[in-house]
Novice: 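Please see the structure below; I have some questions.
Along the sequence shown, residues carry numbers from 1.
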Amino acid sequence: MANICFLNSTKTWGGGEKWHYEASSYMHHKGHNVLVITNEESELFKKVQTTNINYIPLKINNLSFINPLKVNSLKKILKKHNIETIVINLSEDLKIGGLAAKKAGVNKIIYRRGSAIAIRNTFLNRYYFKNVITDVLTNSNATKLSVLANNKNLFPEEKIKIIYNAIDCSNNSEEILHNNNSNEELIITSLGRLEYEKNHQFLIYLSKELKDRNIKHKIYIGGDGSLKEKLIKLSKELNVHNQVIFLGFIYDIKKFIKSSHIFIHPSLWEGFGYVLAEASLCHKPVIAFNTTSIPEIVINNKSGYVVELNNVNKVANKVELLASNSKLRDELGTYGFNYINSTFNNSFIYKQMEEYLAPENKKNKISALLITYNEESNICEIIENISFADEIIIIDSFSTDKTEEFAKKYNHITFIKREFKNYTDQKSYALSLAKNNWILFVDADERISLSLKNEIISTVNSSNPATAYFMYRIFMYKGEKINFSGTQRDKNYRLFQKNKVHFDPSLIVHETLIVNGYVSILKNKLLHYSFDSYQAYKIKMLRYGEMKAQEDFAKNKKATPFHLYIKPIGKFIEHYIVKFGILDGIKGITICYLYALSTRKRYVKLKQLHNDKQD
């Protein structure tokens, strides 16, 4: 069973809150460990209190994320409940909840988008979508498109999932609020918060148009909100206050809608129009605007009419058509009922949601590969670090220290000794032995954080993964992070599919993976403990220089005085000035000097190889 948290702190009740309540209730009913975090003054809090679901009250505002005490408090809550997946609906909740979840090592940090409004391409949004959010859940194709509308590179499209909102398609109530049997008066209903985006003033103008056409009607509007008084005032100004009736909050939606002949939804935009689906389930024809997700719910000319935004005349024409044709109303209503049942029925939508929020144990197996030489100080820690893999293969180049002895204490690994020719050759051999298609290739001095581990497992089991993934590395020197000196853009392929890659045989030092397919980058970074002492790193860099010389020699490259004397100086300047090594202090000088020394060694060795050839 999965440990899932639903975070939603808004006080009001809307589609997002309805979704959180129903989703948390369903997942709890299915036996998952569910935690709801919400504002104690919210409607969601009141509803959750009537259930057996675990809940915690928490007040959040737009600046809560800059309060380290509040972030840490939420982090402790998530760790205490061993949360593996968190679903967040609001931007202010995402700011604090995302940070806390990342710090707590939560596997899936899901941002649920319920509104088809384009995400702004701000620095903060780019940071969160790149570094915090692991998945995006949307409730319509229109909402999915809105995520990338302002920045197509904001988030990997393959990690944006569409699951339509689940609709209870049971339709047993036969009660109505108002008698709609009269052929003399047309009853129109509409439902929604009395706020700007719901656009209820349109119905008042529509009523005036219908009145001018001598169409007897009543428009009943359900819902409350800040614009109620203004709307009532407008209805009086247009002299339709007897035709437009404001009923306030509606508790029995189906009973309300069944009282009408037609349902009209004038909203300017919708993430997912629950009420549109409800109207179709009541066998009512629906009229709405051709905007955002509405055409995914109302099928034009089949379950109702999707018309041009705010066009009073066109809507009035459709109303007039339906007013005089009860058979057409019945046909549209029946089609809508069948369409909603076959597309949004909670009997299968909830199953999709459960599979997404709480997938079964990982299906795709991972082979972790490692090449070693004299790694006694790292070998135990790296084996334990990658123990989540299904297979661990170590190819050792006849270490002279205790690497083999320490490694063989672990029964679940394969340890093979093989002569080292070069990195490409050794890694290609390791790759050939892997039993599984997904490969995690690491160095002994690298470490995978809990967040990165969770991202790896989630990635290999995602529905549409890339062929290969880069991982950025955080360069560590004596336990401290190096921020510059050329390390800031340090990344390597570390996770990939075996059947679509191979190593370039022409490169023997900094081996290059040839990828046949789509490439992506994981959000979390590797920790790279490259060296603990100056002498150890110097030996490593000199060895790189020598092997690079062999690579150059194979390509018949020559070492000139420029390469021997000017290029090492240029390498130091590149890393110290251009790549800001100066900002790393004494450590920066050390690192940049060793880059230069490795370059010098490369060309000295290259010259020596050519001299030996001539001899």
Novice: Give, for atom CD1 of Ile394 and atom OG1 of Thr414, the distance between the pair rounded to the nearest 0.5 Å.
Specialist: 9.0 Å

Novice: So does Lys30 have more than 12 non-hydrogen atoms from other groups sitting under 6.0 Å from NZ?
Specialist: no

Novice: Closer than 4.0 angstrom, basic N to acidic O: yes or no for Glu391 and Lys365?
Specialist: no

Novice: Hey, does the Lys NZ or Arg CZ of Lys421 hover above the aromatic six-ring of Tyr429, less than 6.0 Å from the centre and inside 45° of the axis?
Specialist: no

Novice: May I ask you to establish whether Lys491 and Phe470 are in a cation-pi arrangement, using a distance under 6.0 Å from NZ or CZ to the six-membered ring centre and at most 45° from the ring axis?
Specialist: yes

Novice: Hey, is Lys351 close enough to Glu354 for a salt bridge, meaning N to O under 4.0 Å?
Specialist: no

Novice: Could you check if a side-chain atom of Lys548 sits within less than 4.5 angstrom of a side-chain atom of Thr599, using non-hydrogen atoms only?
Specialist: no

Novice: Just verifying a value: how many Å separate Leu450 CG and Lys103 NZ, rounded to the nearest 0.5 Å?
Specialist: 14.0 Å

Novice: Check for a donor-acceptor pair, side chain of Asn374 on one end and backbone N or O of Thr400 on the other, with a separation under 3.5 Å.
Specialist: yes

Novice: Salt bridge between Asp396 and Lys408, side-chain N to carboxylate O under 4.0 Å?
Specialist: no

Novice: Could you tell me whether Lys427 sits above the aromatic face of Phe441, with NZ or CZ closer than 6.0 angstrom to the six-membered ring centre and within 45 degrees of the axis?
Specialist: yes

Novice: Please determine if Arg494 and Asp443 form a salt bridge, counting it only when a charged side-chain N lies under 4.0 Å from a carboxylate O.
Specialist: yes

Novice: Given 3.5 Å as the limit, does a donor-acceptor pair link the side chain of His32 with the main chain of Met27, or not?
Specialist: no

Novice: Got a salt bridge between Glu446 and Arg473, using NZ or NE/NH1/NH2 to carboxylate O under 4.0 Å?
Specialist: yes

Novice: Any salt bridge linking Lys523 with Glu455? Criterion: basic side-chain nitrogen under 4.0 Å from a carboxylate oxygen.
Specialist: no

Novice: Between Lys500 and Phe496, is a side-chain contact (heavy atoms from CB on, under 4.5 Å) present by the stated rule, with each step listed?
Specialist: CA-CA 8 Å; Lys500 297 179 181 179; Phe496 46 84; over 6 Å; no

Novice: Quick one: does Arg126's side chain have a donor or acceptor within less than 3.5 Å of a partner on Asn121's backbone?
Specialist: yes

Novice: Find the distance between NE2 (His81) and CG (Leu35) and round it off to the nearest 0.5 Å.
Specialist: 5.0 Å

Novice: Measure from the side-chain N and O atoms of Asn139 to the backbone N and O of Tyr164, and report whether any donor-acceptor pair falls under 3.5 Å.
Specialist: no

Novice: Taking atom CG of Asp445 and atom CG of Leu526, what is their separation to the nearest 0.5 Å?
Specialist: 10.0 Å

Novice: Can you tell me if Ser367 uses its side chain to pair, donor with acceptor, with the backbone of Ala434 under 3.5 Å?
Specialist: no

Novice: Tell me whether Lys417 is salt-bridged to Glu404, with the criterion being a basic N under 4.0 Å from an acidic carboxylate O.
Specialist: yes

